[in-house]
Amino acid sequence: MRERIKRIAIALNAVILVAVFFVYREKWLQSIDNLLFDYGMKQAAEHRSDNIVVVTIDDESLQELGRFPWDRAVYAPFLDMLNQPGYEPKAIAFDVMFNEPSNPDSDAAFAEALSQYDNVILPVAGVTEGDFDNRTEASPDEYLKAFKLDRPIPELAEHAELANINRVVSPDSVIRQTWLKIQDQEGNIVPSLAYKAAQMAGADLSKYDGMTDPRGRFDDKVAAKNTITIDYQFTALDMEKTPVSFVRVLNGEIDPEYFKDAVVLVGFTAAGLSDDTGQDNGATPIQKHMSLVYVHANIVHQLLNGSSVSYADEWVVVLGGLLLFALFIVLPWRLKNVYSILAFLAVVCGILYGQLQLYESSKIHVNVVNALLAVTLAYLVNVSLKSYLESSQKSFVTRQFGRYISPDLVKQIISKDIDIELGGNSKHITVLFLDIRGFTPLSEKLSPPELVDTLNTMFNMITQTTLNNRGTIDKFIGDAAMILFNAPLDVEEHERLAVKTAYEIQQGMNVIREQIREKYGCEVNVGIGINSGNVVVGNIGSYLRVDYTAIGDNVNIAARIESSTKPGQIMVSEAVYEKTKEYFVYEDAGEKMFKGKSQAIRVYEVIKPAEAGASRVPAGKAI
């Protein structure tokens with residue numbers, strides 16, 4: 001049984017390893033890893049935005065200025081309000097497209113205002129999706145290629161800095177990454193809106209110029225050169241400088257000092273312009289619906305502070321997963337189930353907590369999902385196989401020994417995980433044979449049901465007495481019985497317990513004998529022989545029928561001693577006598593020749609237990 005379960009365990013663990021590798025390669029659990037990543041980022045967010053101001057095109061502005069798009073002449077006084085002398089922002093970045101001509105006079109007024117200031121950024125949108133599959137193809141060694149750039153109208157573009165507002169959306173529709181730069185068909189590099197704003201604010205961006213997220217972190221198709229993971233730190237509610245309405249700036253209601261040396265981002269937050277169109281709103285790790293102007297604000301904050309999100313090397317993740325997988329192949333077999341499940345839960349919680357702490361302290365994300373899958377499957381499979389083996393072993397032991405040895409011994413066999421297989425081992429034990437004398441006359445007087453009932457009464461008493469003294473009922477043979485001590489488990493003082501069992505059986509027979517005499521007028525008694533020595537014990541037989549028993553010369557001697565006894569007599573060999581003479585009073589019965597033996601064997605008759613208070617009885621050795 002054990003070997004078969006072992007082979008099954010090896011096969012199943014190999015299958016699990018292959019299956020987990022396939023899941024890892026195909027990224028089937030990427031969505032779960034994304035959830036853990038998002039949770040870690042949300043927990044690690046510091047909720048600060050530095051000197052960044054968001055000017056919102058909100059419902060208040062729409063109520064006063066009318067439906068969007070507005071007359072572009074409105075942007076001239078808006079820029080004048082922001083750029084009051086001595087309070088100029090470092091950058092004013094519009095997350096609003098101006099790619100279609102409008103009223104010529106209004107466009108001219110806006111262009112004139114732009115020409116007055118060198119801190120304004122207007123957006124371009126690079127068309128990067130394929131014609132058929134709407135998928136963006138990228139390479140980590142090259143900038144993302146745009147098929148074309150949707151630019152502001154020329155009269156505006158020539159007076160402002162240009163930057164792209166392309167967003168990167170993961171397969172689960174969450175914005176986690178950004179392209180810091182893209183490239184047009186002519187090879188011109190166009191920075192992102194946030195990159196350009198941070199650059200104008202004086203940030204050192206050299207570390208980002210060669211940075212690219214590991215390929216396939218969230219989507220293989222978008223891992224282009226200069227792709228980074230956004231380190232989200234705040235929502236609109238967390239900003240140190242509260243977002244202000246466009247119309248309030250336009251009306252001069254905001255102190256110009258509010259914008260001094262700041263990075264100002266202008267974008268949509270009105271419900272009708274973001275939620276309905278879906279163009280300026282998206283899901284992020286820290287907020288389900290975030291206006292994209294705040295995504296740009298988070299990127300600017302990240303670039304100004306020089307922070308970055310990185311990922312544990314794949315070889316570290318794979319090696320750690322393999323070690324944990326191996327650990328939970330071994331642990332379920334080495335520990336009790338209650339301890340192994342506690343170890344499993346502790347490791348799983350430790351992995352998840354450790355991952356969260358590592359991200360909070362170092363902004364390093366570890367993909368632990370596949371390792372957790374491997375650990376979980378390894379644990380469940382191996383603990384299930386172990387439980388099945390234990391259940392089968394327990395059932396087998398109970399079937400083999402449950403009615404013939406004490407419950408304590410059965411528990412020990414199961415708890416010590418003893419594998420009881422076909423075959424035997426040499427062991428020093430004590431063997432007790434008993435035979436019911438007077439059985440033949442009794443059987444002639446009793447009906448079969450009465451005979452069986454009488455035998456059962458005697459054998460019940462014999463069995464209970466044996467189990468109380470940690471003996472093993474090997475077998476009942478008609479009106480005889482064979483009892484073992486010190487098998488299958490070790491039992492201290494097995495010789496003493498065997499003699500004690502024999503004496504108590506004889507005492508029990510006194511009561512039964514009187515009952516039979518009164519009821520049937522027959523005399524029954526028991527003759528008992530005991531010997532101790534090395535024998536072969538184990539499951540002996542064939543695969544069709546097997547019994548736990550003992551064989552050997554010392555077993556035969558015990559049987560011969562029993563056959564020489566008289567009714568009511570207990571005879572032991574010299575080996576048993578030497579071990580138990582301190583506990584029982586014996587009478588030397590002399591040497592006897594037994595069938596099959598070339599030399600006589602000295603035997604002793606048990607008279608009674610030694611006096612309890614006698615000095616030769618060791619303290620605490622009660623019988």
Side-chain angles (χ1 to χ4, degrees), residues 27-42 45 95-97 123-140 142-150 163-183 190-195 211-236 265 267-269 273-303 308-309 311 365 367:
K27 298 185 179 180
W28 285 353
L29 300 181
Q30 185 62 57
S31 59
I32 299 177
D33 181 54
N34 290 346
L35 291 176
L36 292 176
F37 174 84
D38 295 349
Y39 179 78
M41 180 170 285
K42 191 170 185 177
D95 187 20
V96 182
M97 293 294 294
V124 302
V127 179
T128 60
E129 295 178 347
D131 295 332
F132 300 104
D133 59 5
N134 291 327
R135 296 289 289 170
T136 300
E137 299 290 341
S139 168
E142 300 177 350
Y143 293 112
L144 181 72
K145 293 288 196 304
F147 300 114
K148 66 176 182 177
L149 292 180
D150 197 359
N164 81 79
I165 54 171
N166 290 68
R167 60 174 167 173
V168 183
V169 181
S170 299
D172 58 355
S173 301
V174 177
I175 303 172
R176 298 188 182 89
Q177 294 173 298
T178 184
W179 295 303
L180 293 180
K181 296 178 182 179
I182 64 173
Q183 190 175 41
V190 183
S192 70
L193 188 77
Y195 185 96
M211 182 180 294
T212 299
D213 270 347
R215 182 174 177 81
R217 173 67 202 100
F218 295 107
D219 187 357
D220 287 342
K221 303 296 185 181
V222 301
K225 186 176 180 180
N226 270 76
T227 306
I228 66 166
T229 298
I230 303 170
D231 181 19
Y232 286 96
Q233 292 294 325
F234 56 86
T235 64
L265 299 168
F268 300 105
T269 61
L273 295 177
S274 57
D275 291 342
D276 290 346
T277 66
Q279 295 302 306
D280 283 277
N281 183 283
T284 68
I286 65 171
Q287 189 175 17
K288 188 174 181 180
H289 299 288
M290 178 180 282
S291 296
L292 295 190
V293 66
Y294 295 109
V295 175
H296 293 302
N298 274 278
I299 302 171
V300 171
H301 172 82
Q302 178 179 356
L303 298 178
S308 60
V309 177
Y311 307 92
H365 177 72
N367 183 346

What is the minimum heavy-atom distance between [X] and [Y], and which atoms define it?
| X | Y | result |
| --- | --- | --- |
| Val124 | Asn166 | O-OD1, 4.2 Å |
| Thr229 | Phe37 | CG2-CZ, 3.5 Å |
| Thr269 | Tyr294 | CG2-CE1, 3.8 Å |
| Asn164 | Val190 | ND2-O, 3.1 Å |
| Ala45 | Tyr232 | CB-O, 4.1 Å |
| Gly126 | Ala146 | CA-CB, 4.0 Å |

So, do [X] and [Y] sit near enough that their side-chain heavy atoms are less than 4.5 Å apart?
| X | Y | value |
| --- | --- | --- |
| Trp179 | Thr227 | yes |
| Ile165 | His296 | yes |
| Asp95 | Leu292 | yes |
| Val96 | Phe268 | yes |
| Leu36 | Asn34 | no |
| His365 | Asp33 | yes |
| Ser308 | Ile228 | no |
| Val295 | Arg167 | no |

Begin with the C-alpha distance, continue with both residues' side-chain angles, and end with the deciding distance and a verdict on side-chain contact (heavy atoms from CB on, under 4.5 Å) for Leu144 and Gln183. CA-CA 6 Å; Leu144 181 72; Gln183 190 175 41; over 6 Å; no
Could you walk me through whether Gln302 and Asn298 satisfy the side-chain hydrogen bond (donor to acceptor under 3.5 Å, both in side chains) test, starting with their C-alpha distance in whole Å, then the side-chain angles of each, then the deciding distance to 0.1 Å, before giving a yes or no? CA-CA 6 Å; Gln302 178 179 356; Asn298 274 278; over 6 Å; no
With sequence neighbours left out, what residues match Lys181 under salt bridge (charged side-chain N to carboxylate O under 4.0 Å, His left out)?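 So Lys181 forms a salt bridge (charged side-chain N to carboxylate O under 4.0 Å, His left out) with Asp209.
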Under the salt bridge (charged side-chain N to carboxylate O under 4.0 Å, His left out) test, which residues partner Asp172, sequence neighbours left out?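 Counting only residues at least two positions away or on another chain, Asp172 forms a salt bridge (charged side-chain N to carboxylate O under 4.0 Å, His left out) with Arg176.
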If you measure only the distance, is there a donor-acceptor pair under 3.5 Å linking the side chains of His301 and Asp231?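 There is no such pair between these side chains.
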To the nearest 0.5 Å, what is the distance between [atom1] on [X] and [atom2] on [Y]?
| X | Y | atom1 | atom2 | value |
| --- | --- | --- | --- | --- |
| Leu149 | Ile182 | CG | CD1 | 5.5 Å |
| Gln233 | Ile286 | CD | CD1 | 7.5 Å |
| Gln287 | Asn281 | CD | CG | 8.5 Å |
| Thr212 | Glu142 | OG1 | CD | 11.5 Å |
| Lys145 | Tyr143 | NZ | OH | 10.0 Å |
| Leu193 | Ile299 | CG | CD1 | 8.5 Å |

Quick one: does any side-chain atom of Ser170 pair with a main-chain N or O of Ser173 as donor and acceptor, under 3.5 Å?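 Not confirmed, Ser170 side chain does not pair with Ser173 backbone.
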Criterion side-chain contact (heavy atoms from CB on, under 4.5 Å) on Asn226 and Met211, from CA distance to verdict: CA-CA 5 Å; Asn226 270 76; Met211 182 180 294; over 6 Å; no
